[in-house]
Each structure stands twice: as structure tokens, then as C-alpha cells.
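Working notes, structure below.
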Amino acid sequence: MSRILIVEDEAIIRSALKRLLERHDHRVSEAGSVAEALALEPRGFDLVISDLRLPGEPGTELIARAAPVPVLIMTSYASMRSAVEALKLGAVDYVAKPFDHDELLETVARVLHRQASQQGEPPDIAEPGGTRQPMIGNCPAMQVVYTRIRKAAPADVTVLIQGESGTGKELVARALHQQSRRAQAPLICVNCAAIPETLIESELFGHEKGAFTGASAARTGLVEAADGGTLFLDEIGELPLDAQARLLRVLQEGEIRKIGSVETRHVDVRLIAATHRDLQSLSKTGEFRLDLYYRLNVMQIDLPALREREDDILEIADVLLDKACRRHERDGLRLSRAARRTIRDYPWPGNVRELENALERGVILAEGHLIHPDDLGLAPATPLPSKPSPSAPALAGQAEPDTGDEEDLSLEDYFQHFVLEHQDQMSETELAQKLGISRKCLWERRQRLGIPRKKSPRRSTG
């Protein structure tokens, strides 16, 4: 069991992070400032997670004073330049706030695994999926994936990972990095759909002071931060065309040029990209550069959907169930025969992530020593919903199971109507602002409800 010290001055964030880590078998202590953290002797922990901005001294002060214990820095996208500076000062990695729980847990697991490996000890870590190993399953499709990872990892070529949401694309990227010659260098993970379109070029490639309104200081980009290591671009199909052109130059020439700069800088970065979309089809409609697609698709790894891994589903379920039981102190719970049949026959549109959530519900709701189908909260097995057409946006709402929560259904119905009605006139950022949600949340709901994104044509920049 790993000991983690959280240094965060906002009590709500600190307590939420503590609960999250404790649910995944970590022992957690808290501090509200660098001074409080030093009083707890940070060198006695396995990992320090610190906010960048703290009352008094900044979180980066702990990097040297906690050494050799790794320090993971928390920051916001608005402070990304500072996060890159923290990496240069010796921070083991950073997470952007508001952080995704799975991404945070995967980062913690990776750091602890690396630390244990360097000390020559067996890693005692838990992946966010609740497993003791990154990937589970021995079906023929997964054997192909393992073979591709083993062959592609040391070859240092660009890899394109394709698969539905929730199939574990980032786990494949991490396996490729960890088995490569760059394993000791940084792995920088970026979700292209989570960064506003107006900021993504600056975040990836950096900018000079005064390059645009609000650029009060120069900023180092994430591509440069990955120099010598691996850059993982998740959901690369959401990358704007201008950023695609800059990324192509990185792949072709190994060069980057900050926004507002006339100078180029050489970088040595291995690129791994992932998407749930058909990039070749997008290139035919002008939404994705065909030349970039060919540069990305040197080696392709196709991750099978969970419904295509019939031989693995129950094995994965057993591992996830065991982990959930330990998190909630419900040892001895088992799946009933009917529950196992339900799990085996369900189409799993959300893949492994949805399976984990269903088992979590089952562990919480089960009253005896068995988990029954009703405890899992799954709809009867039905074919995957097709993407709704603009002429009939309410059909997706009708396809949902009858949960008895009419308010939730009406809200999703409203979401579909609003997006389909306004997406031709509004950007993704404007849609998210009008709906009162983040751009990442908008993207995730599009995926869940099957609403295709229509990109407006971009003006030529000459």
C-alpha cells in the first residue's frame, strides 16, 4: 500500500482527492502549504501530489526538499507554462485541473510503478480499471494487440491506436512507452478534445510574448516538454486543421516553431496518436489532413470492443469485481449465475469503463453475498444505438432504458435538440458555454449519445 502526501490549500479539492486515492488502496496524508508538508517529513512518503499555487511558497519548492520522493504537480490549463517549468525543475509529471479521475489515477499508478522499478521492488500499484496489470485478456484479438505492442515499442515509429471509447487506448500508449528505449524519458499525454480550440496550438507548440492578445509571457509547448520522450495525443481526430499542419512539420522535419516566433527548434519526440474516428474518411471531407494521416499510420493497433472479446469479458469482470470489493470492504461478494449471463450477453457500448461502473454499482447495492442483475443497473441487452439523424433527434432518447427518471431523459433530449440545431452556427467552445458545460463534457456527451460533430469550414489564413 503506497503512502501519498497531498498538498493543496483548498479543502474541498484536497478531501475529494483523498477519498479518490483511498478508494484505490492508497494511504493518504494532507497538508495545506509547503510548510505543513515539510512538517510531515515528505521524504517518508512514496509520492507527493502538490498544487502549483499555494499560500507562501509554491509547490515546486517541494521538488528538491522531498527528493528522492517524486513530486506530481497539479495545475490548470491557464498555468500550463508553469507546469512545463515544473517538469524542468524535476517534477515527475503534472496533472491539469479540473482533472479527470481516470487520468489522475493512471498518472499516479505510472509514477509509483516507475519508482518501484527503480528501487528494484515489485510494483504494488492499482490501475484505475481496478487491475494489478495494465491489460487483461487472452482472446485472439488481444493477442494480436500484445504482439503489435511488443514489436512496435522498440522500433520507435509513430503508432496510431484505433478503438471505441473505453477500450483502453491510453493503456496501450503507456505500454508502448514503457517497453521502448524512451521509457526513462517523459510521457506527455494530451486529450485533444479537452483543450479549447483557441488554446490548443499554444498548448502544443508554445508561443512568444505578445504573439496574440493575452500572451503576456512566452510559453513552452507540450511537444517541447516531451523532447526525448513520447507524446501521446488522444482523440487526435478533434485536432483543428491549423494544429494538424504544425504537427505534420514535427513529424516530417522534427522541428517546432512557437506561435509568433521566426525561429525553429529541433525536437526528438515519438508520437503515439489515438482516435475512435475514421481518419481516412475524415480526410475525404476535408476535416483531417490526408498527408498527416499517412504520417501517423506507420503502425496501426486496433483495439477490439469489449463485446468482441467474449472469452475475456467474465475474466475482466472477476478482476474488476475483486478490486471493487476491496475498495468498499465487501469481501466475499460474488456474481450470481444470472448476473454473469447478463454481463456476458450485454453489448457494452461503454466497453471496459462501463463494465467497471456496473460492477461498482453491484458491490454497493448488493444486499446478500451475491450480486444479481438488478444490482448492476444494466438495460436488457439490445443492439448498439445508431447515430441519430438531425431530422429525428428524439429517437436516441426513446432508445434509452426506462430508468424512471424523466428529468434526466428530458435533459438529454434538450441537449440533443440544442446541439443539432445550433452546431452549424456555433463553434464547440460556444456550444459548451451556452450549455453551461466544459468542452470536454460536450465531447463526451456527443460520444455517448452518438451525435456527430459538424465542423464549420475554416477561413484561409493565406
Side-chain angles (χ1 to χ4, degrees), residues 47 60 63 67-68 70-75 80-96 103-104 106-118 123 125 134 149-161 169-192 194-195 200 202-206 219-236 239 243 246-258 264-274 295-296 298-299 301:
L47 172 65
T60 48
I63 295 173
V71 176
L72 178 64
I73 292 293
M74 295 185 291
T75 185
M80 197 61 74
R81 180 179 64 85
S82 299
V84 174
E85 292 302 319
L87 291 176
K88 292 180 177 179
L89 289 172
V92 67
D93 208 335
Y94 72 90
V95 288
E103 291 176 2
L104 174 70
E106 286 175 3
T107 301
V108 169
R110 184 180 72 255
V111 171
L112 291 172
H113 174 75
R114 183 187 305 168
Q115 188 75 353
S117 299
Q118 290 173 351
I125 59 173
I149 292 173
R150 187 176 69 254
K151 291 183 177 180
D156 208 36
V157 296
T158 303
V159 179
L160 179 62
I161 307 167
K169 295 188 288 293
E170 187 164 345
L171 290 178
V172 174
R174 294 191 185 283
L176 286 166
H177 175 73
Q178 290 164 0
Q179 296 179 36
S180 73
R181 290 172 289 179
R182 300 173 182 259
Q184 301 305 315
L187 169 65
I188 304 295
C189 300
V190 183
N191 187 326
C192 298
I195 306 176
I200 196 164
S202 172
E203 299 297 343
L204 286 177
F205 306 103
R219 170 177 291 179
T220 301
L222 296 176
V223 176
E224 187 174 347
D227 191 15
T230 304
L231 177 67
F232 173 53
L233 295 182
D234 197 5
E235 295 306 338
I236 197 169
L239 199 64
R246 288 180 175 270
L247 182 62
L248 183 64
R249 183 167 184 83
V250 174
L251 293 175
Q252 288 179 332
E253 310 294 339
E255 294 179 344
I256 59 169
R257 181 167 56 85
K258 292 183 178 181
T264 59
R265 170 180 166 81
H266 180 78
V267 290
D268 174 24
V269 173
R270 183 192 192 171
L271 181 66
I272 300 174
R295 283 284 180 176
L296 292 174
V298 177
M299 176 68 72
I301 297 178

> When you look at Val159 and Arg270, which way does the side-chain contact (heavy atoms from CB on, under 4.5 Å) test go after all the steps?
Replying inline: CA-CA 9 Å; Val159 179; Arg270 183 192 192 171; 3.7 Å; yes

>> One pair to check against side-chain contact (heavy atoms from CB on, under 4.5 Å): His177 and Ile188. What are the steps and the verdict?
In response: CA-CA 10 Å; His177 175 73; Ile188 304 295; over 6 Å; no

>> Does Val190 form a side-chain contact (heavy atoms from CB on, under 4.5 Å) with Asp234? I'd like the steps, not just the answer.
In response: CA-CA 6 Å; Val190 183; Asp234 197 5; over 6 Å; no

> How far apart are the C-alpha atoms of Val223 and Val250, what are their side-chain angles, what is the distance that settles it, and do they pass the side-chain contact (heavy atoms from CB on, under 4.5 Å) test?
Replying inline: CA-CA 9 Å; Val223 176; Val250 174; 4.3 Å; yes

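For the atom pair Leu176 CG and Lys151 NZ, the distance stands at 14.0 Å (nearest 0.5 Å). The CZ atom of Arg246 lies 10.0 Å from the CG atom of Leu204; values are rounded to the nearest 0.5 Å. Here the straight-line distance linking atom CZ of Arg174 with atom CG of Leu187 works out to 5.5 Å at 0.5 Å rounding. Going from atom CD of Glu224 over to atom CG of Leu231 covers 12.5 Å, rounded to the nearest 0.5 Å. For the atom pair Ile161 CD1 and Phe232 CZ, the distance stands at 5.0 Å (nearest 0.5 Å). In this structure, CD in Glu235 is found 13.0 Å from CD1 in Ile195, a value given to the nearest 0.5 Å.
Closest non-hydrogen pair, Ala153 versus Ser180, comes out as O-CB, 3.3 Å. Minimum heavy-atom separation, Thr158 to Leu296: CG2-O, 3.4 Å. Shortest non-hydrogen contact noted between Ala91 and Ile63 is N-CD1, 3.7 Å. The two residues Gly229 and Arg182 come nearest to each other via the heavy atoms O-NH1, 3.1 Å. Residues Pro186 and Ala225 share a closest heavy-atom pair of CG-O, 4.0 Å.
No side-chain heavy atom of Leu233 sits under 4.5 Å from any side-chain heavy atom of Ile272. With contacts defined as side-chain heavy-atom distances shorter than 4.5 Å, the pair Val108/Leu47 qualifies. Considering only heavy atoms from C-beta on, Phe205 stays 4.5 Å or farther from Leu222 through its side chain. You'll find the side chain of Val92 stays beyond 4.5 Å of the side chain of Val71, heavy atoms only. Arg181 is not listed as a side-chain neighbour of Pro154, based on a closest heavy-atom distance of 4.5 Å or more.
For Glu255 and Arg265, the salt-bridge test fails: no basic side-chain N is under 4.0 Å from an acidic carboxylate O.
A donor-acceptor pair is defined here as one N or O able to donate and one able to accept, closer than 3.5 Å; such a pair exists between the side chain of Asp227 and the backbone of Asp268.
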